[in-house]
Amino acid sequence: MTTFFVFYRVIRQSLIAALPQSIEFNAVETLNGAFVEGYLGEETREWQIDRVDSKAEPSSIFVTVPNYDYFFVNGQGDTIEDAPWEARELMSDFDATVHWMVVNSYLFVEGKTYLLLEKCLKTPEIVIPE
């Protein structure tokens with residue numbers, strides 16, 4: 001749940017910085033920016049998400065996009081084996097946060113671009129009641 005709150009802040013800040021324009025989110029670029037800013041912890045500031053072509057066969061004959069394996073690297077480019085997250089799962093959490101923000105009227109989506117709505121502009125932090 002912690003990543004949800006971090007991603008909400010990152011998404012909101014990105015959209016405010018882009019006003020009055022809409023923006024397209026690239027999960028890898030946005031998450032790498034969150035690492036640089038220290039949003040996912042000071043010890044991860046030099047981390048990045050990287051990718052390589054997957055050796056696995058596509059799961060369906062209808063798969064038309066490349067399949068990648070994602071992983072974390074440190075500032076020296078070495079793979080981080082004992083990361084507290086799986087890179088693909090972290091990206092899925094980011095996508096789920098964006099989807100939640102659209103469904104709950106924090107963002108407006110048109111095609112592949114997102115625009116900040118007034119509700120999000122007025123809500124700097126999300127509080128989920130227990």
Side-chain angles (χ1 to χ4, degrees):
M1 186 59 93
T2 303
T3 56
F4 171 81
F5 299 112
V6 169
F7 295 158
Y8 176 83
R9 255 194 354 227
V10 169
I11 293 164
R12 183 177 179 275
Q13 289 171 349
S14 298
L15 286 160
I16 288 173
L19 282 175
Q21 305 297 320
S22 61
I23 63 172
E24 185 175 335
F25 283 115
N26 176 313
V28 173
E29 288 177 13
T30 306
L31 290 173
N32 285 342
F35 281 123
V36 169
E37 294 296 325
Y39 291 132
L40 294 164
E42 285 298 316
E43 66 280 1
T44 64
R45 274 190 181 267
E46 294 185 7
W47 288 21
Q48 296 288 301
I49 294 176
D50 203 353
R51 71 180 191 191
V52 294
D53 289 335
S54 176
K55 304 289 186 225
E57 291 294 318
S59 58
S60 166
I61 62 170
F62 300 106
V63 174
T64 59
V65 294
N67 192 17
Y68 298 106
D69 289 327
Y70 295 91
F71 55 94
F72 297 106
V73 295
N74 61 20
Q76 292 77 36
D78 300 324
T79 301
I80 299 168
E81 300 295 336
D82 57 346
W85 315 280
E86 291 290 327
R88 185 173 291 282
E89 289 176 8
L90 199 61
M91 292 172 47
S92 293
D93 287 350
F94 177 83
D95 291 338
T97 303
V98 171
H99 180 75
W100 181 91
M101 292 175 75
V102 170
V103 167
N104 289 287
S105 302
Y106 287 82
L107 304 178
F108 174 76
V109 62
E110 184 173 350
K112 292 183 177 184
T113 62
Y114 297 86
L115 185 63
L116 186 73
L117 294 176
E118 184 177 2
K119 180 179 183 178
C120 189
L121 192 59
K122 292 182 177 182
T123 311
E125 298 289 330
I126 295 290
V127 177
I128 298 178
E130 294 183 25

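Numbering starts at 1 and runs along the sequence shown. Computed from a predicted structure; not experimentally measured.
- Hydrophobic clustering of Ile, Leu, Val, Met, Phe, Trp and Tyr side chains at less than 4.5 Å, counting indirect connections, keeps V73 apart from I49.
- Residue F72 comes nearest to E86 through the heavy atom pair CE1-C, 3.9 Å, listed as atom of the first residue, atom of the second, then distance.
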side-chain contact (heavy atoms from CB on, under 4.5 Å) between F7 and D95: does it pass, once the steps are laid out?
CA-CA 9 Å; F7 295 158; D95 291 338; over 6 Å; no
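- In this structure, the separation between CZ on F35 and CG on L90 is 5.5 Å, given to the nearest 0.5 Å.
- Applying the 4.5 Å side-chain rule to ILVMFWY residues, one finds that V36 remains a lone member of its cluster.
- Looking at every heavy atom in both residues, L117 comes nearest to S105 through CD1-O, 3.5 Å.
- W47 and W85 have perpendicular rings, their planes meeting at more than 60° on a 0 to 90° scale where under 30° would count as parallel.
- Between the side chain of T30 and the main chain of A27, no donor-acceptor pair closer than 3.5 Å is present.
- Shortest non-hydrogen contact noted between A87 and F71 is CB-N, 3.8 Å.
- Scanning all heavy atoms of the two residues, the minimum distance from M101 to C120 falls at CE-SG, 3.7 Å.
- Using a distance-only test at 3.5 Å, with no hydrogens or angles considered, a donor-acceptor pair links the side chain of R45 to the main chain of E37.
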For I11 and Y106, what are the C-alpha separation, side-chain angles and deciding distance, and is it a side-chain contact (heavy atoms from CB on, under 4.5 Å)?
CA-CA 10 Å; I11 293 164; Y106 287 82; over 6 Å; no
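- Distance check: E118 CD to T123 OG1 gives 9.5 Å after rounding to the nearest 0.5 Å.
- Between Y114 and S14 the shortest side-chain heavy-atom distance does not fall below 4.5 Å.
- Both L107 and F4 are members of a single hydrophobic cluster when ILVMFWY side chains are connected at heavy-atom separations under 4.5 Å.
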Intermediate values then yes/no, side-chain contact (heavy atoms from CB on, under 4.5 Å), E24 and N26
CA-CA 7 Å; E24 185 175 335; N26 176 313; over 6 Å; no
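- A continuous path of hydrophobic side-chain contacts links V6 to W100 [ILVMFWY only; heavy atoms under 4.5 Å].
- Residues Y8 and F108 do not share a hydrophobic cluster, defined by chaining ILVMFWY side chains whose heavy atoms lie under 4.5 Å apart.
- The side-chain heavy atoms of M91 and L31, taken from C-beta on, include a pair separated by under 4.5 Å.
- Side-chain N or O atoms of R12 include one that pairs as donor or acceptor with a backbone N or O of L121 at under 3.5 Å.
- Between the side chain of D78 and the main chain of N74, no donor-acceptor pair closer than 3.5 Å is present.
- Under a hydrophobic clustering in which Ile, Leu, Val, Met, Phe, Trp and Tyr are joined whenever their side-chain heavy atoms come within less than 4.5 Å, directly or via other members, L115 and V10 fall into different clusters.
- Note that the CG atom of L116 and the CD atom of Q13 stand 11.5 Å from one another [nearest 0.5 Å].
- For E43, the CD atom is densely surrounded, since the number of other residues' heavy atoms within 6.0 Å is greater than 12.
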